[in-house]
Structures are given as structure tokens and as C-alpha cells.
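Please read all numbers here as calculations on a predicted model, not as lab measurements.
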Amino acid sequence: MAKRKILLCLAHMSGNEMKYIEEAFADNWVVPLGPNVNGFEADLEQFVGEGKHVVALSAGTAAVHLALIALGVGPGDEVICQSFTFCASCNPIKYLGATPVLVDSEPDTWNIDPELLDRAIADRIALTGKKPKAIVPVYLYGMPAKLREVMAVADKYGIPVVEDAAEGFGSRYAGHVCGTFGQYGVLSFNGNKMITTSGGGALICADAESKNQIMFYATQAREAYPYYQHEHIGYNYRMSNICAGIGRGQMTIAAEHIRHHQHIAALYKEAFANVPGITFHENPSPEFDSNYWLNTIVLSPDLKVKGEENAYSQTVSGAIGGAGSTVHAATSAHTACEPNTNVEAMRMALAAEGIESRPLWKPMHLQPVYADAPAYTNGVSENLFKTGLCLPSGPWVTDDDVAFIVDCIKQNIAQ
């Protein structure tokens with residue numbers, strides 16, 4: 001009997017995606033414009049509400065990049081970015097020749113610490129004589145940040161906010177959709193997100209004028225002449241009509257996907273409630289309404305896991321955690337900061353049973369590529385990286401899968 005395979009999070013095509021794709025082919029709309037692009041943007045605008053406007057783009061990373069361009073970020077500038085995130089949140093800062101200033105997290109949501117954010121901004125102003133050009137909070141694994149406090153700090157200094165809601169599609173804070181609080185909000189529709197366009201993203205804009213500016217830069221910054229006139233550097237960042245067709249179909253089941261992720265979260269929460277040494281990360285209060293894109297647990301450093309003696313015993317030869325891109329071969333089994341041996345042993349044990357899991361994001365201030373970036377840390381994200389694990393959470397995960405995963409975890413706790 002073939003071993004079951006339970007993936008971390010995988011796209012689920014159960015809407016009317018093919019209808020829109022077939023219409024695009026029938027009408028020969030296979031370019032980065034057309035009825036699906038317009039329709040997808042309209043669907044997203046209705047979904048996020050608040051009178052916001054949306055531009056469909058080729059990736060969430062492109063959305064971060066364009067938001068920073070629109071805010072005038074350039075060489076010599078600084079941008080505050082949450083350290084506990086995927087690299088796509090801060091790489092675009094470097095694209096523009098600016099400097100990311102990395103700020104650590106608070107322990108409730110795992111997102112940017114508002115008090116540390118305030119201190120970091122005051123310190124950068126004192127050191128450089130000017131304030132950062134933007135603040136990029138992230139909604140890690142779908143969990144909203146402490147937005148009331150974050151926005152209060154941003155307003156105090158008059159700094160615009162670019163919300164990285166790539167993992168937070170459909171998450172809400174105080175009843176409002178994440179991505180609608182700041183001047184811009186970033187969405188991602190990668191193949192492992194809450195909804196997918198196979199690859200793609202979007203930028204939530206405050207008004208029609210902002211949307212038009214983003215559209216201009218996303219379509220190679222072409223001026224309004226009957227020939228190609230360019231007075232600014234532009235980018236080829238528009239979403240294709242084919243990908244947008246997938247997105248339109250996915251929007252018909254978006255609410256269903258969010259409910260499923262939250263249902264899986266409730267199962268995990270209940271299952272781990274009485275397991276010593278394992279803590280499930282959940283909404284800290286009713287104001288927070290996570291989509292639970294990925295469900296996460298923290299393993300106590302004192303928890304003993306079977307096979308710990310074999311953790312990091314050999315170098316990794318391929319991609320771990322669903323990475324689909326080419327990776328450099330590891331030259332050593334260790335890095336300067338890595339998950340605890342009990343976390344790695346649990347990951348290995350789950351993998352042996354066909355269950356995909358993954359450590360939490362390694363904070364940017366611990367990444368060699370950002371070793372020289374200014375960083376304001378408190379130890380929260382480093383501790384979480386050492387002790388946390390992401391569990392399967394997508395629409396393909398069933399109630400029986402959760403029971404099997406939890407049982408495997410319990411079975412691998414050493415008595």
C-alpha cells in the first residue's frame with residue numbers, strides 16, 4: 001500500500017477556473033490585460049472593501065516593489081521591515097538601493113513589535129537625521145499584527161505603511177480585512193497561498209489615482225503617445241489574462257478555503273490542548289481573526305523527541321519544505337542559528353510518514369545576506385525560529401489527516 005502524502009499547503013482547483021481560462025483562449029486574450037484581469041481586480045476590490053482599488057500583478061514581490069517605488073524609496077533611504085518574515089518582504093528594498101531596517105516581533109502575534117518599532121524609528125532619526133520612508137509589517141502565517149498600535153506609531157511619525165498581507169488573504173483585524181489599513185496592501189496568489197493564480201499577486205491601493213500610478217509602473221511606464229515614449233523606468237509586472245482567469249475561479253471558493261483553514265486550526269488547537277511541551281499558536285484575542293494559512297506549533301526546548309541524536313547528522317541534498325526552485329547544495333549540516341534538535345527530529349519523523357512540515361521563517365537579521373542591515377531585536381523571533389514548526393494546513397488536508405499528523409507527533413515524543 002502506497003504511503004499517504006500530506007503536503008503543507010497546495011492549491012485546490014474546485015471553482016470555475018476552467019470556464020474563465022477557456023473563455024480567454026477562445027477570445028485569444030492571452031496577454032497581460034483583458035476581461036479576466038479586469039474581472040479579477042473587481043472581485044478583489046469587492047472582497048477587501050473599504051473603497052479600496054486593486055492592481056493584479058505577476059507576484060507579491062512585485063507588489064512590494066511597486067509600493068515602495070510609489071512612495072519614492074530610492075538610494076540612501078531606509079525602510080522599516082519586520083525581521084520575522086520571508087525574504088520577499090525586504091528584498092525589494094534592496095532592489096531600490098535603499099537599506100532595510102529590521103525590527104523584531106512581539107510574542108502574541110509573532111509580528112512586528114510596536115514598542116520596538118517606535119524606538120527603532122526614533123533611533124534612525126537621531127542617527128541619520130531623517131525618518132524611514134515606509135514601514136512594512138507582515139502578517140505571519142495569516143496572523144494579523146497589532147495594527148492599532150502599529151498604525152499609531154506610523155501616524156506619530158507620519159510614515160506610510162505597506163502591509164505585507166501575502167500570507168494574510170482574508171484575515172481580519174477588528175473586523176477589517178488585512179491589507180486595508182495602510183497606504184498599500186500586498187497580496188500573493190502563489191501556488192501555496194489561500195487562493196492561487198498559479199503565480200501572481202496584487203497591490204491594494206487607497207484610491208483610483210494610486211491605482212493608476214501603480215498600473216503605469218507595472219506596464220513599463222509608457223507615456224500617452226501613439227508610439228513608445230518612456231520618461232521613467234517601468235516594469236513588466238502585470239498579471240496575465242490566463243492567470244487572472246484562474247484567480248476569478250478561485251474567488252468563487254475563497255471564503256470556503258478560509259473557513260477550511262480555520263476549521264483545521266480548530267482541530268489542531270483541540271488536539272494539542274493537553275499535550276505537554278507543545279503549544280499551538282492561535283488568535284491572541286477576539287480582535288484577531290487569522291486565516292490560519294499555515295498552522296504552527298512551538299516545541300518546548302525541554303521536550304524530548306525520538307531520533308534527536310540523528311538531527312543534522314548529514315547535509316541536505318535537495319529542497320526542503322516544498323521549495324520548487326533551484327537551491328545551492330549545503331556545504332555543512334549546520335548554520336550559525338538553526339532550529340533545535342527536537343524540532344529537526346520531529347520534522348524528520350513526520351517526513352518519514354509522508355507528512356510535510358517546515359521550520360518557521362528564519363528571521364532576516366539572522367540571514368547572511370542581511371548581516372549588515374541595522375537591526376532592532378529582542379530575541380522573540382530567534383527563539384520562535386529555534387522552536388517552531390509549520391504543519392499541513394491547506395484545502396487538501398482532511399480531518400483524518402489532522403488526526404494522523406497529531407498521532408504521529410505524539411508517537412514521536414520520547415517518554
Side-chain angles (χ1 to χ4, degrees), residues 20 29 31-74 79 88-89 92 95-96 133-137 139 151 154 159-166 168-171 176-190 193 195 197 199-225 229-248 250-251 254:
Y20 294 110
W29 278 106
V31 290
L33 74 160
N36 281 337
V37 177
N38 297 335
F40 186 42
E41 289 175 341
D43 291 343
L44 289 169
E45 289 171 355
Q46 182 176 10
F47 181 83
V48 301
E50 312 286 342
K52 299 289 185 175
H53 295 250
V54 177
V55 182
L57 300 165
S58 59
T61 311
V64 178
H65 191 192
L66 291 177
L68 296 177
I69 290 171
L71 294 175
V73 174
V79 174
S89 301
Y95 298 168
L96 294 167
K133 293 292 284 287
I135 300 169
V136 184
Y139 305 139
M151 295 305 298
I159 301 175
V161 171
V162 177
E163 299 170 74
D164 186 342
F169 179 84
S171 295
H176 300 275
V177 173
C178 290
T180 63
F181 290 81
Q183 190 159 339
Y184 293 100
V186 173
L187 300 176
S188 172
F189 309 120
N190 199 7
K193 292 301 192 293
I195 66 166
T197 57
L203 190 62
I204 302 171
C205 305
D207 48 41
E209 182 179 354
S210 297
K211 178 175 180 174
N212 287 338
Q213 182 186 24
I214 296 299
M215 291 265 285
F216 172 71
Y217 283 109
T219 52
Q220 298 289 23
R222 181 184 175 185
E223 303 291 339
Y225 292 92
Q229 172 83 2
H230 301 279
E231 300 171 11
H232 301 269
I233 296 296
Y235 303 86
N236 186 19
Y237 279 168
R238 204 73 165 100
M239 180 179 287
S240 83
N241 199 54
I242 300 297
C243 290
I246 299 173
R248 292 185 76 183
Q250 288 273 287
M251 286 300 292

### Message
Is it the case that the side chain of Thr219 and the backbone of Met215 share a donor-acceptor pair, with hydrogens and angles ignored and the cut-off at 3.5 Å?
### Response
yes
## Note on the structure
Heavy atoms of Asn236 and Gln220 approach each other most closely as CB-NE2, 3.6 Å
## Note on the structure
Residues at least two apart in sequence or cross-chain that pass ring pair (Phe, Tyr, Trp, His ring centres under 6.0 Å) with Phe189, listed by chain then number, are Phe40
### Query
Below 4.5 Å, heavy atoms only, C-beta onward: do Val162 and Ile135 meet side chain to side chain?
no
### Task
Heavy atoms only: give me the nearest Pro32-Val37 pair and the separation to one decimal.
C-CG2, 4.5 Å
### Message
Donor-acceptor pair, distance only, cut-off 3.5 Å: does the side chain of Asn190 make one with the backbone of Lys193?
### Response
no
### Task
Could you tell me the separation between the OH atom of Tyr95 and the OH atom of Tyr235, rounded to the nearest 0.5 Å?
11.0 Å
### Separation of Ser171 OG from Tyr139 OH (nearest 0.5 Å)
9.5 Å
#### Entry: Salt bridge present between Arg222 and Glu231 (N-O < 4.0 angstrom)
no
#### Entry: Leu203 and Val186: CA distance, side-chain angles, deciding distance, side-chain contact (heavy atoms from CB on, under 4.5 Å) verdict
CA-CA 5 Å; Leu203 190 62; Val186 173; 3.9 Å; yes
### Task
For Tyr20 and Asn36, work out which heavy atoms get closest and say how close.
O-ND2, 3.1 Å
### Task
Please round to the nearest 0.5 Å and tell me the distance separating atom NZ of Lys211 and atom CD1 of Ile204.
12.0 Å
### Task
Rounded to the nearest 0.5 Å, what's the gap from CD1 on Ile246 to CE on Met251? Could you check?
14.5 Å
### Query
If you look at every heavy atom in Ile195 and Gln250, which pair is closest and at what distance?
CA-OE1, 3.4 Å
### Atom pair CD1/CD of Ile159 and Gln183 - distance to nearest 0.5 Å
12.5 Å
#### Entry: Atom pair CG (Leu33) and CZ (Arg238), whose distance is rounded to the nearest 0.5 Å
8.0 Å
### Query
What heavy-atom pair brings Gly179 and Glu163 nearest, and what distance separates the two atoms?
N-OE1, 2.8 Å
For residues 47-74, tabulate all N or O donor-acceptor pairs below 3.5 Å that involve a side-chain atom, not counting sequence neighbours.
| unit_1 | atom_1 | unit_2 | atom_2 | d |
| --- | --- | --- | --- | --- |
| Glu50 | OE2 | His176 | ND1 | 2.6 |
| Lys52 | NZ | Thr180 | O | 3.4 |
| His65 | ND1 | Tyr237 | OH | 2.9 |

### Exercise: identify the closest heavy-atom pair between Cys205 and Ile214
SG-CG1, 3.9 Å
